[in-house]
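Convention: sequence-line order gives letters A, B, ...; per-chain numbering from 1. Computed from a predicted model, the values in this text were never measured in an experiment. Hydrogens, waters and symmetry mates are skipped; everything else that's a heavy atom, side chains included, is used.
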Protein chains: 2
Amino acid sequence: MKIDPKKPADLSAQIAQAIRDAIISGELIVDERLPSEAELSEQFQVSRPTVREALKRLAAQSLIRTQRGASGGAFVNRLSFEGAYSQQITTSTLLLSMNAVSFDTACEARFALERACAPLSAQRRTADQLATMRAEIHRQSQPGLTDEAFCASDVALHRALVDGAGNPVLSYQLAGAVEAMQPLMNMITFTARSREAIISLHNEIADALEDRDSTKVDATLVELENYTRQLAQDVAQQRSKPA
Amino acid sequence: MKIDPKKPADLSAQIAQAIRDAIISGELIVDERLPSEAELSEQFQVSRPTVREALKRLAAQSLIRTQRGASGGAFVNRLSFEGAYSQQITTSTLLLSMNAVSFDTACEARFALERACAPLSAQRRTADQLATMRAEIHRQSQPGLTDEAFCASDVALHRALVDGAGNPVLSYQLAGAVEAMQPLMNMITFTARSREAIISLHNEIADALEDRDSTKVDATLVELENYTRQLAQDVAQQRSKPA
DNA sequence: AGACTTTTAAATGTCAGACAAATAAAAATT
DNA sequence: AATTTTTATTTGTCTGACATTTAAAAGTCT
């Protein structure tokens with residue numbers, strides 16, 4: 001069943017893997033309760049702290065949740081799309097920061113993925129999603145908005161575009177790409193003029209989506225990508241010779 | 001610094017979050033050694049098992065690695081693209097299986113993302129990557145290949161296509177989408193005739209990539225998507241009325 | 001002095017037993 | 001019958017200990 005050869009490495013890692021496999025293989029169903037820590041330690045012939053370390057590993061991956069009390073215990077989590085976003089975003093953020101990915105590379109990836117959604121979104125976007133985009137555009141045009149808030153709104157707008165494709169798998173995959181870029185975007189200082197240009201492009205995208213004109217959406221996204229890269233390049237240049 | 005209010009929830013979760021934040025914020029550098037478990041328990045005013053549970057959580061996310069021995073301890077991991085793949089794949093696999101995503105939805109997402117890479121790949125693919133694709137196509141045409149091996153080769157081919165874009169962020173994002181689909185693909189039984197058709201399309205893709213003809217690549221991917229969906233539909237139909 | 005072996009110390013990995021806290025079910029009381 | 005109290009179960013945490021691994025320090029021999 002969930003046996004455990006005592007040959008190679010950390011017991012807690014082995015136990016975690018055994019339980020993980022049982023979940024993936026469907027041996028353990030969603031919302032099913034695992035044996036109690038005491039029972040698991042009996043079953044695997046290890047101490048309770050070791051079992052606990054294994055369970056914490058699984059909890060870190062959102063594979064299980066724990067509940068205290070009489071009929072408490074560890075339960076198999078239904079990994080929801082929403083719940084998987086955060087993991088995806090954390091991982092992507094770390095990847096981008098630790099591997100010193102260039103802005104260009106990240107930007108290229110982000111827009112390539114987003115353009116993949118555009119045709120589907122043009123076809124399927126709901127009125128609600130369009131309204132969300134319009135609302136974000138309106139927020140972006142308000143004076144006194146911080147750069148951080150501007151970027152956050154930008155992310156929200158693009159999330160709405162992606163969600164418009166009506167494909168949760170796509171939305172999940174892109175959440176990381178779009179949101180993980182935000183820290184990088186935050187490094188750009190947006191002048192009033194650049195904001196105006198971006199908002200204008202955002203409006204074009206919304207209009208095109210309203211008309212369900214996927215060609216126009218794609219073309220505008222390309223424009224937006226080029227403009228974003230240009231902005232980043234200008235900022236980098238200005239910083240290198242501040243005189 | 002990495003303080004810890006003892007108000008709300010699990011101490012080990014709080015400590016893990018504190019250390020995680022320190023890593024993300026850059027307060028802890030890659031390959032830097034964390035304080036020993038004893039020191040951490042002193043610092044956070046908790047016991048060593050609690051600290052250990054926190055560290056195991058971080059280890060499960062590949063944020064740290066541990067080493068035994070005299071100058072051992074917990075070290076901040078460089079989260080490599082390669083290393084992030086497995087997490088991405090596990091998460092995506094679980095998502096697909098637990099949420100009963102339809103084959104159509106997963107398939108649509110997968111090809112949408114892949115088509116996003118196609119233009120870049122047509123432009124930048126190396127001779128090596130093309131050779132890899134040719135080799136996989138050759139393998140696919142060998143008789144006696146199991147369905148699992150055929151699918152694995154299929155994954156390898158598409159990975160090569162995606163890698164051809166020369167954008168590690170894209171490759172990382174798509175690894176999950178492509179590989180997580182494999183269990184679903186394995187459920188399709190490939191007849192000799194359907195394999196032949198797929199291989200023919202694969203050859204077309206390789207030819208188009210050799211010619212750096214991105215339009216052709218895209219068109220062929222669309223064909224492949226349609227054919228794949230058709231196959232899945234046929235299998236589903238046949239299973240519903242096995243007479 | 002230099003190369004090899006032995007010892008030592010530091011660190012993680014594991015264990016055992018205990019108590020605290022939360023929680024739901026069972027029992028008792030009104 | 002409804003409410004309160006008790007109880008049992010289970011996770012969360014602590015203390016203290018021992019085992020194992022590993023690198024560096026100490027010692028030994030040529």
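- Rounded to a whole Å, the CD atom of A:Glu53 is 12 Å from the P atom of C:dT12.
- We find that CD of A:Glu39 is positioned 14 Å from C1' of D:dA8, with the value rounded to whole Å.
- Within 4.0 Å (heavy atoms only), A:Arg33 reaches sugar-phosphate atoms of the nucleic acid but no base atom.
- Contact check on A:Lys56 versus A:Glu53 returns no salt bridge, with no Lys/Arg side-chain nitrogen under 4.0 Å from an Asp/Glu carboxylate oxygen.
- Between A:Tyr172 and A:Tyr85, the ring-plane angle classifies as parallel under the 30° and 60° cut-offs.
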Could you walk me through whether B:Arg110 and B:Glu225 pass the salt bridge (Lys or Arg N to Asp or Glu O under 4.0 Å) test, one step at a time?
CA-CA 9 Å; B:Arg110 187 205 128 149; B:Glu225 175 178 357; over 6 Å; no
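- When the P atom of D:dC14 is taken as reference, atom CD of B:Glu37 falls 14 Å away, rounded to whole Å.
- Remark: P of D:dG12 and CD of B:Gln45 are 21 Å apart, rounded to the nearest angstrom.
- Under a 4.0 Å N-O distance rule, the pair A:Asp10/B:Arg68 does not qualify as a salt bridge.
- With hydrogens and angles left out, the side-chain atoms of A:Asp21 and A:Gln17 include a donor and acceptor closer than 3.5 Å.
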When you compare the protein's N or O atoms with those of nucleotides 5-7 of chain D, which come within less than 3.5 Å of each other, and at what distance?
none

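- Taking side-chain N and O atoms only, A:Arg52 has a distance below 4.0 Å to OP1 or OP2 of D:dG12.
- For the pair B:Thr50 and D:dC14, the criterion of a side-chain N or O lying under 4.0 Å from OP1 or OP2 is met.
- Whole-Å rounding puts the A:Arg65 CZ to D:dT10 C1' distance at 15 Å.
- Enclosure of atom CD in A:Glu32 by more than 12 non-hydrogen atoms of other residues, nucleotides or ligands within 6.0 angstrom is indicated.
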Hey, what are the protein-to-nucleotides 19-22 of chain D N/O distances that come in under 3.5 Å?
unit_1: D:dT20; atom_1: O3'; unit_2: B:Arg68; atom_2: NH2; d: 3.3
unit_1: D:dT21; atom_1: O4'; unit_2: B:Arg68; atom_2: NH2; d: 3.4
unit_1: D:dT21; atom_1: O2; unit_2: B:Gly69; atom_2: N; d: 3.4
unit_1: D:dT22; atom_1: O2; unit_2: B:Ala70; atom_2: N; d: 2.9

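- Between B:Asp10 atom CG and C:dA21 atom C1' the separation is 12 Å, expressed in whole Å.
- Following rounding to the nearest Å, B:Leu40 (CG) and D:dT13 (P) show an atom-to-atom distance of 16 Å.
- Note that CZ of B:Arg229 is 5.0 Å distant from CD of B:Glu108, once rounded to the nearest 0.5 Å.
- Using a cut-off of 4.0 Å between Lys/Arg side-chain N and Asp/Glu carboxylate O, B:Arg20 and B:Glu27 are scored as not salt-bridged.
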Would you list the protein and nucleotides 15-18 of chain D atom pairs, both N or O, that sit under 3.5 Å from each other?
unit_1: D:dA17; atom_1: N6; unit_2: B:Arg48; atom_2: NH2; d: 3.4

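- The CD1-P distance, from A:Ile64 to D:dT10, rounds to 16 Å in whole Å.
- In this structure, A:Glu148 places its CD atom where more than 12 heavy-atom neighbours from other residues, nucleotides or ligands lie under 6.0 Å away.
- Remark: B:Asp154 does not engage B:Arg159 in a salt bridge, criterion side-chain N to carboxylate O under 4.0 Å.
- Between A:His202 and A:His138, a ring centre-to-centre spacing not shorter than 6.0 Å is recorded.
- If you check the side chains of A:Asn167 and B:Thr105, you find no donor sitting under 3.5 Å from an acceptor.
- Taking only side-chain nitrogens and oxygens, B:Thr66 never comes nearer than 4.0 Å to OP1 or OP2 of C:dA11.
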